[in-house]
Every structure is written in C-alpha cells, then in structure tokens.
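This report concerns only the one structure given below.
Chain A is the first sequence line, chain B the second, and so forth, proteins listed ahead of strands; every chain is numbered from 1.
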2 protein chains.
Amino acid sequence: MTEPSGRRERKKAATRQKIADTALHLFLERGYDTVGIRDVAAEADVAVTTVFAHFASKEALVFERDQDFEQRLTRAVTDRPPREPLIPALHREVQALVQHCTAEGSAPVRRLIEGSPALQEYEESMSLRHAQALATALAADPHLSRSATACQATARFTIDAYALACRADDPGATVDEVFRMIEAAWEATAP
Amino acid sequence: MTEPSGRRERKKAATRQKIADTALHLFLERGYDTVGIRDVAAEADVAVTTVFAHFASKEALVFERDQDFEQRLTRAVTDRPPREPLIPALHREVQALVQHCTAEGSAPVRRLIEGSPALQEYEESMSLRHAQALATALAADPHLSRSATACQATARFTIDAYALACRADDPGATVDEVFRMIEAAWEATAP
DNA sequence: TTGTGAAACACTAACGGTTAGGGTTATCTT
DNA sequence: AAGATAACCCTAACCGTTAGTGTTTCACAA
C-alpha cells in the first residue's frame with residue numbers, strides 16, 4: 001500500500017537496471033551465446049541468484065524494454081472512442097509499434113535476436129501471449145459481437161502483421177499491405 | 001551414393017525408433033518434466049549421447065511423428081492441378097491435418113504438450129518454420145503472382161488456422177470459419 | 001532511538017539438458 | 001582380408017536454473 005516509500009525500491013530498480021544494462025552491453029559486445037549468466041552476474045557485481053530474482057530467464061534480459069507491448073495493443077482496442085471502427089485503430093497502433101521497433105537505436109538489438117534461435121523462440125512465445133491477450137480484449141468488446149474464433153484469428157493475424165513488418169525491408173508498407181488483408185478477413189466475419 | 005545397403009541403416013532406424021517409443025511411453029506414464037534424458041537413455045538401453053545423435057533436443061522426442069507436416073502443406077500447393085484455386089486446396093489439406101492431430105489416439109500426446117510450456121514453445125517454433133516453407137512455396141507458384149508480403153501473410157494465417165483448430169472445441173468448424181477469413185484476405189491481394 | 005520483520009541480496013551446491021573428447025565395435029567397401 | 005567409416009559408448013564437463021540457507025539493509029512503529 002506504500003507507493004514511493006523510498007530507498008529500497010530505488011536500490012532494487014537500480015540493481016535491475018544495472019543487470020539489464022550490463023547484460024545487453026556484454027551481449028552486443030561478445031555475442032549472446034558466448035556470454036554466460038555467470039559473466040553477466042560477475043560484471044554487474046551481483047550474485048547469479050540475484051539475476052534470476054529480477055529476470056525469469058536469460059532471454060528475458062534482452063527484452064527488458066518491450067514491457068508495455070501487450071498493454072498498448074489491448075488499449076488500442078479498449079480505449080478506442082465509441083463507434084470507432086476496430087481495424088483502423090489496430091492498424092495505427094501496429095504501425096506505431098513497428099516504427100518503434102525498427103528505429104535506428106533498435107537495430108543492434110534486432111541483429112542480436114536474429115542471430116540467436118533461443119531469442120527468436122522466446123520472442124515468438126511472447127507474441128503468442130500477446131495474441132491471446134488481444135483476442136480476449138476483442139471478445140470482450142460489446143460493439144463487435146464476433147465469434148470467439150473470429151476474434152482469435154484476427155488477434156493472430158495482427159501479431160503476424162507486426163512480426164512480418166519487423167523483419168521486412170519496408171516495414172511501413174508491409175503493415176499497410178497486411179492490414180488490407182486483415183480488413184477483408186474481418187469484414188468476412190460480419191454477423 | 002549407396003541407397004538401401006542394408007543392416008546398418010536398419011539398426012540405426014531401430015535404435016531411433018526404440019528411443020522415441022521409450023521416451024513417449026515414459027513421458028505419458030510419469031510426466032514430461034519428471035522424466036530426464038538420462039532416464040530415457042537408461043530405459044532404451046543406449047548412451048545419453050546416442051539420444052542426442054538421433055534427436056536434436058528433448059522436446060523433439062515428442063514430435064517424432066509430425067515429420068511430413070511441412071511437406072504435406074507445401075505439396076498441397078505445388079502438386080495441385082493447374083488452374084485449381086489455391087485457398088480451397090489449402091483448406092482441404094489443413095482440414096485433413098487437423099483431423100489427424102485431433103484424432104482419438106493423439107489425445108494423450110496433446111495433453112502432454114498442453115501440460116508443458118517447453119513443448120508448446122517448441123511446437124510454435126516448428127509452426128513458424130512451416131509457415132516460412134509454405135510462404136516460399138506460395139511465392140514460387142507462377143500462377144499466383146502475388147507480392148512476397150501477401151504470400152508470407154497467407155502462410156502465417158494458414159498456420160494460425162491449424163493452431164487454433166487443434167485447440168478448439170470444434171476443430172472442423174474452426175478451420176472452416178478461419179478459412180472464410182483467409183479466402184477474403186487472399187482475394188483482397190488480387191493484382 | 002531502537003527493536004523487529006521483511007525484503008533484497010549472497011553463497012554454495014546441486015539438477016537437468018546438452019556437448020566435447022576420445023575410444024570401441026559393427027558394418028561397408030574394395 | 002584390410003582399411004575406412006558410421007554408430008555407438010563412456011566420462012566429464014558446460015551452462016541455465018533452482019533450492020537451501022544465511023546475511024545485510026531498509027521500513028516502520030513503539
């Protein structure tokens with residue numbers, strides 16, 4: 001119940017940050033596979049157990065920043081003004097997310113991920129969780145009234161659009177093209 | 001260059017089969033997490049290294065049978081009679097694959113997979129590889145002449161249909177419904 | 001101020017998947 | 001029959017991850 005009560009939380013956050021920064025730095029410098037958890041812990045000057053107290057797995061160290069991805073997607077649905085059509089809202093949000101993830105600064109991290117099967121698998125797994133959350137949000141929207149299957153499919157398609165665009169030569173155009181398809185698919189499910 | 005030259009290959013296949021059978025048996029009996037690779041190796045009477053000579057990972061032991069999944073999908077595209085429309089062909093093949101995977105005998109294995117995050121992650125990862133293979137097959141079909149993006153998106157949508165249907169209450173109906181969406185999406189990409 | 005409970009962290013040791021290194025046997029080829 | 005090689009074995013280790021068990025540091029109230 002105590003919100004900003006001080007030093008302990010700050011120190012914890014600092015420790016977490018230091019671990020994440022150290023890890024990303026080492027990964028980018030020497031490669032994901034070559035750097036062990038023990039290396040990260042030593043360099044960050046913490047115990048190995050402390051690393052796992054802050055991050056669920058080695059892979060999670062790399063995806064520190066993409067915390068709010070899921071929230072942004074579901075909010076694009078739930079916080080949309082009444083009567084605002086669904087697909088354009090999703091389209092806009094995905095466009096923004098893709099731009100964020102293909103920005104200049106994210107390039108080295110993307111290369112890191114592409115270079116490690118373990119990281120790619122982890123990212124896919126995250127994506128599926130996001131798709132499930134989005135599907136739930138879609139099914140809960142009273143204005144849509146589509147079948148559960150239609151909601152789940154649309155959620156997956158949306159995540160597909162994001163995943164494809166992140167790896168495409170022209171991310172923006174890819175989002176637009178896939179969303180033309182999603183729009184048609186969605187219309188085909190109208191009651 | 002030697003095709004069926006005998007005993008060695010037969011023995012190798014037998015060893016592989018014995019490992020897979022033993023593993024699945026143990027997993028179903030005592031649970032995936034409770035059974036270690038060392039247990040499997042001991043029960044199959046082989047060395048641990050031999051297990052990994054035949055299977056790339058512990059998870060791969062469970063998916064021994066779904067070898068031809070990828071081939072069946074791509075062949076549904078490439079071996080389709082000329083002028084046969086794409087989506088119905090895919091629809092039929094996915095329907096068949098789903099029936100195969102939701103058949104009576106596959107239920108215990110499915111429960112095994114649902115019970116282990118590691119197995120689910122592995123299955124997703126397989127799915128993505130299949131989607132990429134399918135996308136390549138679509139892009140290579142001279143009759144289709146769609147953009148690379150459209151092919152990739154359609155491939156992913158198809159895999160989504162399979163994944164959703166395998167977990168749905170009514171798999172057949174789910175395939176049909178999602179393919180109505182895919183059909184519309186595909187039409188929307190007509191040149 | 002000080003005592004108290006809890007949170008954050010450390011250390012050690014281990015577990016389980018996976019691999020490297022190096023040796024043995026069975027099969028294939030010539 | 002004599003190499004060549006594939007399949008296999010054994011040992012020992014690496015690495016991610018966790019359990020068990022303290023120890024330090026902070027928050028809070030008496």
Side-chain angles (χ1 to χ4, degrees), chain A residues 1-20 22-24 26-27 30-64 112 116-122 125, chain B residues 1-20 22-24 26-27 30-64 112 115-123 125:
Chain A
M1 295 301 115
T2 61
E3 268 298 316
S5 22
R7 195 167 318 177
R8 204 171 251 182
E9 299 194 4
R10 257 184 298 121
K11 284 201 172 181
K12 181 175 180 178
T15 302
R16 181 193 168 89
Q17 194 62 38
K18 182 168 188 184
I19 294 171
T22 305
L24 199 55
L26 287 181
F27 290 159
R30 318 210 307 250
Y32 181 74
D33 298 316
T34 341
V35 176
I37 287 286
R38 290 163 177 89
D39 300 328
V40 174
E43 184 79 12
D45 197 29
V46 296
V48 170
T49 42
T50 301
V51 174
F52 285 104
H54 286 276
F55 300 91
S57 66
K58 186 187 180 187
E59 294 94 46
L61 284 165
V62 174
F63 294 94
E64 228 263 301
L112 195 68
S116 158
L119 287 176
Q120 285 174 235
E121 209 164 316
Y122 185 86
S125 185
Chain B
M1 297 305 113
T2 63
E3 268 298 314
S5 13
R7 193 167 317 177
R8 205 176 253 179
E9 298 193 5
R10 256 185 300 119
K11 285 201 174 183
K12 180 175 179 178
T15 302
R16 180 193 169 89
Q17 194 62 37
K18 182 167 188 185
I19 294 171
T22 305
L24 199 55
L26 287 180
F27 291 159
R30 318 211 306 250
Y32 181 75
D33 297 317
T34 338
V35 176
I37 286 286
R38 289 163 179 90
D39 300 328
V40 174
E43 185 79 12
D45 197 30
V46 295
V48 171
T49 42
T50 302
V51 174
F52 284 105
H54 286 275
F55 300 92
S57 67
K58 186 187 180 187
E59 294 93 48
L61 285 166
V62 175
F63 295 94
E64 228 264 303
L112 195 67
S116 157
L119 288 175
Q120 286 174 237
E121 208 165 318
Y122 186 85
E123 194 179 20
S125 186

### Task
Return the nearest nucleotide to the side chain of A:R38; candidates are D:dC8, C:dA14, C:dT27.
C:dA14
### Summary
Residues at least two apart in sequence or cross-chain that pass salt bridge (charged side-chain N to carboxylate O under 4.0 Å, His left out) with B:D39, listed by chain then number, are B:R30
### Task
Return the set of residues passing side-chain hydrogen bond (donor to acceptor under 3.5 Å, both in side chains) with B:E123 (not counting sequence neighbours), or none when no residue passes.
B:R110, B:R167
### Rounded distance (Å) that lies between atom C1' of D:dC15 and atom CG of A:D39
10 Å
#### Entry: Residues forming a salt bridge (charged side-chain N to carboxylate O under 4.0 Å, His left out) with B:E59, sequence neighbours excluded
none
### Message
Nearest whole Å is fine: how far is D:dC28 C1' from A:R7 CZ?
### Response
14 Å
#### Entry: Given DNA chain D, 5'-ward residue of the pair A:K11 and B:V46, judged by closest heavy atom
B:V46
### Query
Is NZ or CZ of A:K58 both nearer than 6.0 Å to the six-membered ring centre of A:Y122 and within 45° of the ring axis?
no
Donor-acceptor contacts under 3.5 Å from residues 40-56 of chain B side chains, at least two apart:
none

### Task
Look at all strands and tell whether B:V40 reaches a base, only sugar-phosphate, or nothing, counting heavy atoms closer than 4.0 Å.
nothing
### Message
Pick the closest DNA chain C nucleotide for B:G36 and for A:A47 by heavy atoms, then say which residue is nearer the 5' end.
### Response
A:A47
### Query
For B:V35 and A:D45, take the nucleotide of DNA chain C holding the closest heavy atom to each; which residue's nucleotide lies nearer the 5' end?
A:D45
### Message
Nearest whole Å is fine: how far is D:dG16 C1' from A:E121 CD?
### Response
15 Å
### Task
Would you kindly give the NZ-to-P distance between A:K12 and D:dA27, to the nearest whole Å?
13 Å
### Message
For B:E121, give me all partners under side-chain hydrogen bond (donor to acceptor under 3.5 Å, both in side chains), at least two apart in sequence or on another chain.
### Response
none
### Summary
Scanning both residues in full, the closest heavy-atom pair of A:E64 with A:A20 reads CG-CB, 3.7 Å
#### Entry: Close approaches to DNA chain D from residues 49-59 of chain A, in residue order (heavy atom, under 4.0 Å)
A:T49, A:F52, A:S57, A:K58
### Query
Rounded to whole angstroms, how far apart are CD1 on B:I19 and P on C:dT18?
14 Å
### Task
Would you indicate what B:D33 reaches in the nucleic acid, counting non-hydrogen atoms under 4.0 angstrom: base, sugar-phosphate, or nothing?
nothing
